[in-house]
Novice: 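Can you read through this structure? Questions will come right after.
Computed over heavy atoms, backbone and side chain alike; hydrogens, waters and symmetry mates excluded.
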Amino acid sequence: MKKSLFKLASVIGASALVLAGCAEAPETTTPGDPTTEAMAPTDGESMETTEGTEPSGDFKACMVSDAGGFDDQSFNETAYAGLMRAQDELGVETGEIESNSEADFAQNIQAMIAADCNIVVTVGFLLANATEAAAQQNPDVDFAIVDNGSFEGVDNAKGLIFNTAESSFMGGYLAAAMSETGQVGTFGGAKIPTVTIFMDGFAQGVEYYNEQKGEDIQVIGWDVETQDGQFVPGNDPFGNIAGGRETANTLIAQGADILFPVAGPAGLGGLQAAQASGGNVNAIWVDTDGCISAAEFCSNIISSVYKGMDVAVFDAIQASMEGNFTSEEYVGTLENEGTGLAPFNEFEDEVPEETKSELETIKQDIISGDIEITSEAQPN
């Protein structure tokens, strides 16, 4: 039995998300104006923005969230950071609007078009149909979509996608190396490719650890062969924090001591469950460095599988502004650092040096092709 790697943590409840109404007029922010604040997505408070350069002429970059909102401590928030960086560094005017449900997507995109946006960035696989339709109907507007590929025959829409099976493979190997019980668990928000790609890579990384070490660490919550597993219940699974906590507790009851929640805000329920375990359960976060986006849970986050959505969004906005925009997909990989493992933060001294060295070797072997990632959800 390895020396215990876990720290005692008190229970800190995550705040319930209160989404802003999509019926409100879209927010517009102008860099350099100290009286203008960015939209406040979840708690009624305006998010502060950094005073940037002077506005760059008439260029306006806009964003539409999915139902998680811009303060989801996950992929919407990271994508939104790219928009704010463009405001700060490029001096563009910005606009943004949140969605409460899938029924809002088309009308929210149309609201951004009506606001004279030069580029509209939509956040999430679920906005694909609405984004494609809007791009076809508005050829003079550029579109970029996070977590979905480019659309065939649509020249003004760019997909921003990430091969997180590669980085999740590393996360699975790390989870297996850190498990005390020999059981690790994962759950998703919904059975869609941008979720299952994480779960595939995670399970394959655990399998690789077993092959290399002669161990038999079990993955609970995802079966690669059947492509089915544990998902958050409810009509709004990604926003269902209580459901995420319940799902995580189900995995913990089955023996999982490392959790890998792939569920947006609902994943915070998994972090709550880990924190309430009295030091027996920890987690690997996704999309962002959890010690930054969900800092109150940092003592239970070993590492995070990140996606560089902020960089991809910024680059798409800059290309549009400079007249270099194309529909060619951006694919974030380990090689171009569009995805990877975040720092170990409070676990820096707990992760064995041998494991750190092995993870670096695995990264290089994935890049070179010596390790083949097999997830069917990977970008082509």
Side-chain angles (χ1 to χ4, degrees), residues 73-75 147 162-210 215-233 237-238 240-241 243-275 277 280-288 290 294 297 300-307 339 341-342 359 373-378:
Q73 298 176 285
S74 188
F75 68 99
D147 273 349
F162 304 85
N163 194 347
T164 51
E166 295 182 343
S167 43
S168 295
F169 183 106
M170 297 176 65
Y173 190 94
L174 174 62
M178 299 293 280
S179 177
E180 293 277 355
T181 65
Q183 310 272 355
V184 298
T186 183
F187 65 92
K191 193 161 66 171
I192 57 177
T194 50
V195 169
T196 62
I197 187 174
F198 282 94
M199 300 167 86
D200 279 342
F202 182 79
Q204 190 181 356
V206 173
E207 180 183 8
Y208 186 77
Y209 178 87
N210 289 336
E215 298 284 352
D216 188 26
I217 309 298
Q218 299 295 309
V219 176
I220 307 170
W222 183 242
D223 187 315
V224 173
E225 294 299 321
T226 65
Q227 287 288 291
D228 200 10
Q230 198 79 44
F231 295 93
V232 180
F238 288 101
N240 186 0
I241 294 177
R245 183 170 61 249
E246 178 184 342
T247 304
N249 281 328
T250 297
L251 298 174
I252 293 169
Q254 295 177 65
D257 64 349
I258 309 290
L259 300 176
F260 188 58
V262 191
L268 294 171
L271 297 184
Q272 290 176 354
Q275 195 176 66
S277 71
N280 293 320
V281 177
N282 287 304
I284 296 175
W285 193 237
V286 299
D287 291 333
T288 67
F297 300 106
N300 290 98
I301 299 173
I302 301 171
S303 182
S304 304
V305 174
Y306 73 81
K307 295 193 292 189
T339 187
L341 276 187
L359 286 170
I373 307 298
T374 59
S375 174
E376 295 180 0
Q378 290 181 102

Novice: Nearest 0.5 Å, please: how far is OG in Ser375 from CD in Glu166?
Specialist: 10.5 Å

Novice: With Ser303, which residues qualify under side chain to side chain donor-acceptor pair (under 3.5 Å), at least two apart?
Specialist: none

Novice: Could you tell me which non-hydrogen atom of Pro233 sits nearest to which non-hydrogen atom of Gly243, and how far apart they are?
Specialist: CD-O, 4.1 Å

Novice: Evaluate side-chain contact (heavy atoms from CB on, under 4.5 Å) for Val224 paired with Glu207, printing each intermediate quantity in order.
Specialist: CA-CA 11 Å; Val224 173; Glu207 180 183 8; over 6 Å; no

Novice: How about Leu174 and Leu359: do any of their side-chain heavy atoms sit closer than 4.5 Å?
Specialist: yes

Novice: Counting only pairs under 3.5 Å, give me each side-chain donor-acceptor contact of residues 185-197, with atom names and distances, residues two or more places apart or in other chains.
Specialist:
| from | atom 1 | to | atom 2 | distance (Å) |
| --- | --- | --- | --- | --- |
| Thr186 | OG1 | Phe260 | O | 2.7 |
| Thr196 | OG1 | Ile192 | O | 3.4 |

Novice: Given 3.5 Å as the limit, does a donor-acceptor pair link the side chain of Ser179 with the main chain of Ala176, or not?
Specialist: no

Novice: Evaluate the side-chain contact (heavy atoms from CB on, under 4.5 Å) criterion for residues Val219 and Val184: first the C-alpha distance (whole Å), next the side-chain angles of each, then the deciding distance (0.1 Å), finally the verdict.
Specialist: CA-CA 5 Å; Val219 176; Val184 298; 4.1 Å; yes

Novice: Under the side-chain contact (heavy atoms from CB on, under 4.5 Å) rule, what do Gln272 and Ile241 come out as? Steps first, then yes or no, please.
Specialist: CA-CA 9 Å; Gln272 290 176 354; Ile241 294 177; 3.9 Å; yes

Novice: Kindly indicate, with the supporting measurements, whether the criterion side-chain contact (heavy atoms from CB on, under 4.5 Å) is fulfilled by Phe202 and Trp222.
Specialist: CA-CA 9 Å; Phe202 182 79; Trp222 183 242; over 6 Å; no

Novice: Would you check if the side chain of Asp287 reaches a backbone N or O of Gly264 as a donor-acceptor pair within less than 3.5 Å?
Specialist: no

Novice: Who are the salt bridge (Lys or Arg N to Asp or Glu O under 4.0 Å) partners of Asp200, not counting sequence neighbours?
Specialist: none

Novice: Side chain of Gln230, backbone of Leu251: donor and acceptor closer than 3.5 Å?
Specialist: no

Novice: Return the set of residues passing side chain to side chain donor-acceptor pair (under 3.5 Å) with Thr374 (not counting sequence neighbours), or none when no residue passes.
Specialist: Gln204

Novice: Quick check: do Trp285 and Leu268 have side-chain heavy atoms less than 4.5 Å from each other?
Specialist: yes

Novice: How long is the straight-line distance from CG of Asp257 back to CG of Asn280, given to the nearest 0.5 Å?
Specialist: 8.5 Å

Novice: Kindly compute the distance separating CE (Met178) from CD1 (Ile302), expressed to the nearest 0.5 Å.
Specialist: 4.5 Å

Novice: For the side chain of Thr339 and the backbone of Thr164, is there at least one donor-acceptor N/O pair under 3.5 Å apart?
Specialist: no

Novice: On a heavy-atom basis, which atom in Gly244 and which in Val232 lie closest, and how many Å separate them?
Specialist: N-CG1, 3.8 Å

Novice: Find the distance between CG (Leu341) and OH (Tyr306) and round it off to the nearest 0.5 Å.
Specialist: 8.5 Å

Novice: What distance do Phe162 atom CZ and Phe75 atom CZ have between them, rounded to the nearest 0.5 Å?
Specialist: 11.5 Å

Novice: Can any side-chain N or O of Asn163 pair as donor or acceptor with the backbone N or O of Gln378 at less than 3.5 Å?
Specialist: no

Novice: Who are the side chain to side chain donor-acceptor pair (under 3.5 Å) partners of Gln218, not counting sequence neighbours?
Specialist: Asp216

Novice: On a heavy-atom basis, which atom in Asn300 and which in Ala274 lie closest, and how many Å separate them?
Specialist: ND2-O, 3.6 Å

Novice: Atom CG in Leu259, atom CD1 in Ile220: separation rounded to 0.5 Å?
Specialist: 9.5 Å

Novice: Sequence neighbours left out, what passes side chain to side chain contact (heavy atoms under 4.5 Å, CB included) with Ala273? Give chain and number order.
Specialist: Arg245, Ala248, Asn249, Ile252

Novice: Can you name the closest pair of heavy atoms from Ser168 and Val305 and give their distance?
Specialist: OG-CG1, 3.8 Å

Novice: Is it the case that atom CD in Gln227 sees more than 12 heavy atoms from other parts of the structure closer than 6.0 Å?
Specialist: yes

Novice: Quick one: sort the Tyr173 and Tyr209 rings into parallel, tilted or perpendicular, breaks at 30° and 60°.
Specialist: perpendicular

